[in-house]
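Report on the following structure.
For the single chain, residues carry numbers from 1 onward in sequence order.
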Amino acid sequence: MSIRTTARLVLATATSVALAGGLLTLSTGPVTAATPARYADDYNGDGYRDYAVGDSDSVTVTYGTATGPGTRSKRFTQNSAGIPGTAGDAGGYSDGFGSALANADLNRDGYADLAIGDRSEKVIGKAGAGAVTILWGARAGLGAKASRIPVTTHADYGFGNEVVSGDFNGDGKPDLAIADGVGTVYIYRGGFSPTGTTGRVTRHENWDLGEPTGLVAGRVTKDKATDLYVLGQGNIGDRMTQAAWFLRGGATITSGKLTTYNNSQPDYRPTGVIADFDRNGYGDLVVSDIPYNKTAGSIVILRGSSTGPVSRYSRLTQASSGVHTDATKGDAFGYSLSAGDTNRDGYPDLAVSSVGEKVGSVSNAGGVHVLRGGRNGLPGSGSQWFTRASAGVPGDATNYGSFGHAVRLRDSDRDGDADLLISERYYDTGTVLLRAGAGGITTRAASEISVRAEFPQ
């Protein structure tokens, strides 16, 4: 998944078993070489989820504890020992190492691994060809071993522009989907090995979607394979159009429906998430549409079915019934998204930020909605709304603070409900942690932590 100047594409699930990342197996026994990692982001196999956050030229990993992020962390660049490639400017391209991240136990040794995209990397003399590096997990954590995914590419193609994990052929082994910057998605089948070998590789292209700008993985149909949505721009009918292209997982990856949802102007940093919000067994795609209504913003909901997405999508805005605040120009409703069950009712909920929201007299202070999942999906009723001005939330609302620049829902303390992490502007390091309970997200015992809410979920 990748950073688009500020926001990271969210890969999320909202059930007890992750659709593409997170919980891969329910095994609770000790880690052995024959036991895949319980969590797709437990890099040291201690039973706690860890936190990897990418920047424009680095990745910082913070190791988890029973109550959330701990104090142990490590920063990796291409200057770090054992990591292939060259740090810094590469033939006129700014360093993209860390701009795309995906988690999975790729070699099934009991330790989660981290795939890192670098769309800027110079490879075999080809500037901007791009690369993906895997940091292999171990008892001591990441960093002992690293290797490159093999690829044949061209200068300026930006391989590694987007990266996401999932079991796309349903064989029980994690795979990687990797997009370049010119329209091709590569699916690398597992297994992977530290020597650089992978399973079979297939290429997928849709000429109506010429510029992939996001990948979202999850189970849309009821089979055991992970499905994939490719988000991006396309010139359809001589108009720049935002669209979501469905690729159905299985022994053969099948090209499915292309759904267009905005033909007014492009959005180069869409955010998407898949979860079964109505618990009918099919995963629903929620994707941001920030340009909608003069950048007031919206989210588009494309419900799943036995064959993939349904024919019609729905749209939710801050003008929808039950959603707090009003829809006004520049609110950017939908800027960051994340899914998880915040109130233990079994239905996934959705965190939606609105970074341009005015709070009192403070412009662009930002805020975050939590929309409740239920039998009818995401109706908007019963939603929660949090800003820096909310009682119990630490700090103050500031001009252009962009509270909600990044959001994540994660059960950080393993008590059965997803807590809410909210970060502000990209260059600010602080994150507010709001704990969840039976009634949903609460500001009681709110705290600030140092891990940005931009880790793969």
Side-chain angles (χ1 to χ4, degrees), residues 1 8 10-54 59-70 72-74 101-116 134-144 163-167 172-176 190-192 217-219 224 226 273-275 338-342 348 408-421 433 436 449 451-457:
M1 47 186 76
R8 179 179 304 278
V10 178
L11 168 65
T13 66
T15 59
S16 61
V17 177
L19 301 176
L23 191 59
L24 292 182
T25 172
L26 298 180
S27 171
T28 58
V31 169
T32 69
T35 305
R38 181 184 181 192
Y39 296 108
D41 46 16
D42 181 7
Y43 308 122
N44 59 357
D46 64 356
Y48 302 118
R49 298 183 70 178
D50 303 318
Y51 305 77
V53 177
V59 176
T60 299
V61 175
T62 301
Y63 292 92
T65 70
T67 57
R72 180 190 169 205
S73 64
K74 186 173 182 178
L101 302 177
N103 296 310
D105 183 359
L106 294 171
N107 59 348
R108 295 166 59 84
D109 66 348
Y111 302 101
D113 311 303
L114 180 66
I116 304 173
I134 298 175
L135 296 188
W136 300 98
R139 184 179 296 276
L142 297 176
V163 184
V164 72
S165 63
D167 181 9
K173 301 175 183 178
D175 311 314
L176 287 175
F192 295 78
R219 285 183 183 158
K224 62 182 180 180
T226 304
V273 60
I274 293 172
S338 188
D341 184 1
T342 65
R408 291 290 187 272
L409 287 171
R410 172 181 281 195
D411 185 4
S412 57
D413 51 9
R414 304 199 305 178
D415 65 350
D417 44 45
D419 308 310
L420 176 61
L421 295 88
L433 173 59
I449 60 176
V451 174
R452 285 192 60 77
E454 292 184 294
F455 44 85
Q457 186 166 342

Applying salt bridge (charged side-chain N to carboxylate O under 4.0 Å, His left out) to Asp411 and not counting sequence neighbours gives none
In terms of heavy-atom contacts, Asp419 and Ser412 come closest through OD2-OG, 2.7 Å
Mind checking what makes ring pair (Phe, Tyr, Trp, His ring centres under 6.0 Å) contact with Tyr51, not counting sequence neighbours? Phe455
Residue pair Gly110 / Asp105: nearest heavy atoms and the distance that separates them: N-OD2, 3.0 Å
Please round to the nearest 0.5 Å and tell me the distance separating atom CG of Asp46 and atom CZ of Arg139. 10.0 Å
Can you list everything that forms a side chain to side chain contact (heavy atoms under 4.5 Å, CB included) with Tyr63? Sequence neighbours excluded, please. Tyr43, Asn44, Asp50, Val61, Arg72, Leu142
If I compare all heavy atoms of Ala52 with all of Val59, which pair ends up nearest, and what's the gap? CB-CG1, 4.3 Å
Can you name the closest pair of heavy atoms from Pro456 and Leu101 and give their distance? CG-CB, 3.7 Å
Is the backbone of Thr226 close enough, under 3.5 Å, to the side chain of Asp167 for a donor and an acceptor to pair up by distance? no
On a heavy-atom basis, which atom in Thr62 and which in Pro69 lie closest, and how many Å separate them? CG2-CB, 4.2 Å
Side-chain (Asn107) to main-chain (Phe192) donor-acceptor, under 3.5 angstrom: no
What are the two closest non-hydrogen atoms of Ala102 and Ser165, and how far apart are they? CB-N, 3.9 Å
Give a yes or no on whether the backbone of Ala112 and the side-chain of Asp42 come within a donor-acceptor separation of less than 3.5 Å. no
Enter the distance from Leu176:CG to Asn103:CG here, rounded to the nearest 0.5 Å. 10.0 Å
Under 3.5 Å: donor-acceptor pair, side chain of Arg408, backbone of Ala453: yes
Taking side chain to side chain donor-acceptor pair (under 3.5 Å) as the definition, give me every residue that meets it alongside Thr65, ordered by chain and number, with sequence neighbours left out. Thr67
